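Just so it is clear, the model here is predicted, and its values are computed rather than measured. We count ligands from 1, going down the list as the structure has it; atoms in each ligand are counted the same way. What's counted below: heavy atoms across the whole structure, side chains too, no hydrogens, waters or symmetry copies.
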Amino acid sequence: MRRSAAPSQLQGNPFKKPKFISPARSHPSPNEEVAKLNSDIKLFEVAANKNNFLQPQNDPRTCNFNLPTKECAKGINHGDSYREKYCLEASTKTTLDLHHTVHSAPKEITVSKGQEEKPDSLVKYFSVVWCKASKKKHKKWEGDAVLIVKGKSFTLKDLEGKDIGRGTVYKLKELEKIEEGQTMMIGGKEIEVMGIISPDDFNSGRCFQFGGGCSAVLSSSQAAKKCLSNPFKSVCKLSSKENKQNSFQNCKPRHDPYAPNSLVMLRPDKNHQWLFNKNCFPVVDVVIDPHLVYYLRPHQKEGIIFLYECVMGMRVNGRCGAILADEMGLGKTLQCISLIWTLQCQGPYGGRPVVKKTLIVTPGSLVNNWRKEFQKWLGIERIKIFTVDQDHKIEEFTKSPFYSVLIISYEMLLRSLDQIKSVKFDLLICDEGHRLKNSTIKTTTALISLSCEKRIILTGTPVQNDLQEFFTLIDFVNPGILGSLSAYRKIYEEPIIISRQPSASEEERELGEQRAAELTCLTGLFILRRTQEVINQYLPPKIENVVFCRPGALQIALYRKLLNSQAVRFCLQGLLENTSHLICIGALKKLCNHPCLLFGSVKEKESNSTWDESEERNLYEGLINVFPADYNPTMFTEEESGKLQVLSKLLAVIRELRPAEKVVLVSNYTRTLDILQEVCKRHGYAYTRLDGQTPISQRQKIVDGFNSKYSPDFIFLLSSKAGGVGLNLIGGSHLILYDIDWNPATDIQAMSRVWRDGQKHPVHIYRLLTTGTIEEKIYQRQISKQGLSGAVVDLSKTSDHIQFSVEELKNLFTLHESSHCVTHDLLDCECTGENHTGDSLEKLPVSRNCQLGPHQQKCDSLKPLSMSQLKQWKHFPGDHLNLTDPFLERIRENVSFFFQNITNQTTAI
Ligand SMILES: Nc1ncnc2c1ncn2[C@@H]1O[C@H](COP(=O)(O)OP(=O)(O)OP(=O)(O)O)[C@@H](O)[C@H]1O
Ligand SMILES: [Mg+2]
């Protein structure tokens, strides 16, 4: 029978070959590369074994990509040592955070002798080609597929993972004897067996990648089509012999690679040269400017090496994207600036620069921060950057050859997309790029439409908690690398999700784990995440306090009234719409901040003639009578709010004890910020303010003003939603979180604004909570597993996403009036609170279960505190005799309980 070829036959059947190299990751390489490849495999094996998540990857073929090799000129070992460390470390840190994955060694699903007797346990996999059944002599194979034989039944899956045939027609003996070249009929399809697939290749999903991955790569997007194109072609054109000669003369490194402490990039291997150095330029060392190296922290050097190798297509051949997901404050900006400066001046082939123009897209409030960082590290002469704002139109950039870096906000990018498309950018950096996780939003589609192949996403927020969003980010930086979305779903997402369900069978669990491991392995090459701990040693001590403030008398009276309202009662009976409880929660939160906010809302609703939202009316009914008859919200007093009273004392003591230090005061609400602003005015504290209303053009000026040591401002009023992300507020060394958000990420983002590189003073963080109220419940939710679903946090999650059971609502809508601290009551802590009278905060008896001292458990600092970690914090009732912390000492009057934790403690603080 003569047959025309299916795609696999045209390319050679991978499963007949000893080794499978996914075309999604590698190019056809010269024979000599094979030997090198083997040594690379070993290198990665070590890395993989170090990685908890990768532990199931025992098969050496699991990671047989063309990994970077240590081929640098001998004697230049600075970069190498980082690289070597990186190769080991990066992969340990770039794991897909599938926390629920159980890391056990895979059990091979092969047919053992004993098993053969039990028909159901026979499991085999084959690569096949298929066509519709016909009597024609000349068959035209329609595609590749995977045949799964399980006991007597068999399934045929196409390379996107879809079932295309099933049956149980064959006898067990026939199925056992299937061999290469055999033809069979399955569900109206004729198949020919091309080879055997090992259980590992099936379980990891690699057997699908050959066709599904690659064909998908080639069709999924325009950029993907170019995946094998030359990343240098835009800037490395040779026009004449003369040019060539000139270039050759300049072929020496820009900086001395042999100088002490020099940071030298990996030399391209032969495969890379073969593909990208068609003009045979001499290979030149790329050396990071020593001026920058002097300032770089070790993790930043590693980060630059990582970014360089990614965008040069050295980590995954032909793929030039990277995700740098370092935690907040680790200096992602500096790492990118170093990369841009390097690529703009240097390149490995003849020293020719790799990048001419760079596009940086960032949230509006950070545009000028980027400019400042460029100036801080490179001065104003070395590199010409252009920032788009109201006064500087993009046309100025497009018309001028003068500028090499364009910094623009996401909003402005959408407005000027056409002009941007008219410029050929060689490098694209998307700061706070987790916002691109939704592929349907305009910003993402706009950025995808740019032809630039070298793409970097910067994000301090973990990107791995949602497999769908994860795909979008990966597909943005390295289009098509995971195949089409439908193939990705079938091959990775579905098995992984199924494996995590409690009802998953052992087999499903193993399959899901192996697919997850393969996905991690594939993407881990171009995702890098380091945690805050790497810079802790460069930072001053951080003293975190959770302060439980007793509510004022008016607050308690109003709180009781609200809880007795018809609206709350209906909520608890499950009689109201799902969103009604949010209105009740909102009212309680306002009350905790200050009763005058609630008064304002009630009055506002009353005066609104269209007030027909009955739940709100039911909630506020009779409330006004609880306020004094002559209550005037503009004349609010500090005593009316427990937190405000504590805040006022806290500001006074900071002013008195540390007159040179400043305070960042954070709230989620503009109206609350108005009250705090009024407090500043009343006490004569100079302040500045940044919230959602602050024009983008003003924001950096306000930040710079506050950070300047000459600024008279004592307080920075910050709206966490507007300014939480990316800002550096190192001018302040005290940060007070006046209210709490459902999403711990919002609070953590805000807290990270002051404890970062450049901070000179010990940092004091105060989180104010009203004792016994909903604020404590939200805090408990933040630190309990339930609030996080055990997952890393995600900034995009708001309270609207939270579903509450009636039980949970009952708990939320309870006021605990007699407790000093409900959170402590829940900790199951052996101490009674009253027992601490003899201890000071500094001298803690280690014998107590709950008093083990700070920092017992190291954790990903982006993961919020857990209940058990909180238990290890020092904690004391407000009336504890010997607090020793002079700040807490002075605010204790209205405080029922403290928790305190000190990081990086040196001496006195
Ligand atoms: N090596 C360094 N030495 C001194 N200061 C540094 C160094 N690297 C970075 N910084 C400073 O640390 C601060 C934080 O850096 P950067 O804003 O880049 O953090 P980030 O990783 O982008 O954090 P985020 O996720 O919050 O945006 C900046 O003020 C920066 O200038
Ligand atoms: Mg940043």
Side-chain angles (χ1 to χ4, degrees), residues 261 263 288-304 306-307 322-341 360-379 407 409-410 429-435 456-463 528-540 664 666 699-700 703-704 706-708 718 720 722-733 735 745-760 763 792-795 860-862:
N261 298 322
L263 180 57
I288 306 294
D289 192 331
H291 164 82
L292 286 171
V293 176
Y294 177 79
Y295 297 102
L296 294 171
R297 311 271 189 225
H299 76 276
Q300 294 174 328
K301 293 179 184 175
E302 290 167 10
I304 294 165
F306 160 81
L307 289 174
I323 298 180
L324 182 59
D326 285 347
E327 270 189 20
M328 293 165 288
L330 263 62
K332 294 185 280 293
T333 322
L334 172 57
Q335 294 174 63
C336 286
I337 289 172
S338 306
L339 179 79
I340 296 167
W341 177 232
I360 298 169
V361 195
T362 181
S365 53
L366 298 178
V367 168
N368 281 313
N369 183 61
W370 270 90
R371 168 191 280 284
K372 273 199 63 193
E373 288 279 315
F374 266 103
Q375 286 172 3
K376 178 171 174 179
W377 302 111
L378 291 172
I407 304 170
S409 68
Y410 285 99
I429 296 175
C430 301
D431 192 15
E432 304 296 345
H434 43 266
R435 60 169 67 199
I456 297 174
I457 279 183
L458 303 180
T459 174
T461 305
V463 290
L528 179 59
R529 176 168 182 78
R530 278 82 56 89
T531 59
Q532 179 105 40
E533 271 146 27
V534 299
I535 54 160
N536 278 4
Q537 57 176 304
Y538 307 105
L539 298 179
V664 178
V666 189
R699 293 186 180 192
Q700 191 59 37
V703 170
D704 291 348
F706 179 72
N707 287 339
S708 156
L718 175 70
S720 51
V725 186
L727 285 187
N728 289 306
L729 291 172
I730 48 172
S733 53
L735 183 135
T746 315
D747 292 345
I748 293 169
Q749 272 281 355
M751 290 194 276
S752 307
R753 300 305 108 206
V754 291
W755 197 54
R756 42 174 52 210
D757 229 318
Q759 177 59 256
K760 301 275 182 297
V763 165
V792 278
V793 292
D794 181 347
L795 268 178
D860 182 335
S861 49
L862 254 189

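- When each of Q300, Q532, Q335 is checked for a side chain to side chain donor-acceptor pair (under 3.5 Å) with D326, only Q335 meets the rule.
- Under the side chain to side chain donor-acceptor pair (under 3.5 Å) criterion, D757 pairs with R297, not counting sequence neighbours.
- To the nearest 0.5 Å, the span separating CG on L339 from CG on L292 amounts to 11.0 Å.
- Between I456 atom CD1 and L307 atom CG the span is 4.5 Å, to the nearest 0.5 Å.
- When heavy-atom distances to ligand 1 are checked against a 4.0 Å cut-off, R753 comes that close only through its side chain, counted from C-beta outward.
- At a heavy-atom distance under 4.0 Å, no atom of W370 approaches ligand 1.
- In terms of modelled atom types and a separation under 3.5 Å, the side chain of S338 and the main chain of L334 share a donor-acceptor contact.
- Summary of contacts: the protein heavy atom closest to atom 7 (C) of ligand 1 is D757 OD2, 3.6 Å.
- At least one heavy atom of L330 sits closer than 4.0 Å to an atom of ligand 1.
- Among G331, G758, G460, the residue whose heavy atom sits closest to atom 19 (O) of ligand 1 is G331.
- Tested against S409 for a side chain to side chain contact (heavy atoms under 4.5 Å, CB included), the candidates V361, T362, V367 yield a single pass: V367.
- A donor-acceptor pair is defined here as one N or O able to donate and one able to accept, closer than 3.5 Å; such a pair exists between the side chain of R753 and the backbone of L727.
- Remark: side-chain polar atoms of N707 are paired, donor with acceptor, to backbone N or O of N728 under 3.5 angstrom.
- Looking at atom 23 (O) of ligand 1, its nearest protein heavy atom turns out to be G329 N, 2.7 Å.
- Shown in contact with Y295 at under 4.0 Å from a heavy atom are these atoms of ligand 1, numbered in order with element: 1 (N), 2 (C), 3 (N).
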* To do: Take D704 and N368 through the side chain to side chain contact (heavy atoms under 4.5 Å, CB included) test and state the conclusion after the steps.
  => CA-CA 10 Å; D704 291 348; N368 281 313; over 6 Å; no
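- Residues that satisfy the ring-ring contact (aromatic ring centres under 6.0 Å, His included) test with Y295, not counting sequence neighbours, are H291, W377.
- Distances below 4.0 Å separate heavy atoms of L334 from the following atoms of ligand 1: 1 (N), 7 (C), 8 (N).
- Interatomic distance, CG of L324 versus CZ of R530, reported as 6.0 Å (0.5 Å rounding).
- Contact between W377 and ligand 1 is present, with at least one heavy atom of the residue lying under 4.0 Å from the ligand.
- Using a 4.0 Å cut-off between heavy atoms, R756 contacts ligand 1 through its side chain alone, with no backbone atom that close.
- Residue contacts with ligand 1 for N728 involve side-chain atoms from C-beta outward but no N, CA, C or O (heavy atoms, distance under 4.0 Å).
- Remark: minimum distance from atom 25 (O) of ligand 1 to any protein heavy atom is reached at K332 NZ, 2.8 Å.
- The distance from ligand 1 to the heavy atoms of T333 drops below 4.0 Å at these ligand atoms: 16 (P), 17 (O), 18 (O), 22 (O).
- Within ligand 1, counting atoms from 1 as listed, the ones closer than 4.0 Å to a heavy atom of E432 are 27 (O).
- Annotation for ligand 1: atoms under 4.0 Å from non-hydrogen atoms of E373 are 28 (C), 29 (O), 30 (C), 31 (O).
- Ligand 1 places these atoms under 4.0 Å from at least one heavy atom of M328: 23 (O), 24 (P), 25 (O), 26 (O).
- Close approach of ligand 1 to K376 is summarised as follows: ligand atoms under 4.0 Å from at least one heavy atom of the residue are 29 (O), 30 (C), 31 (O).
- The shortest contact between atom 8 (N) of ligand 1 and any protein heavy atom is with Q300 NE2, 2.9 Å.
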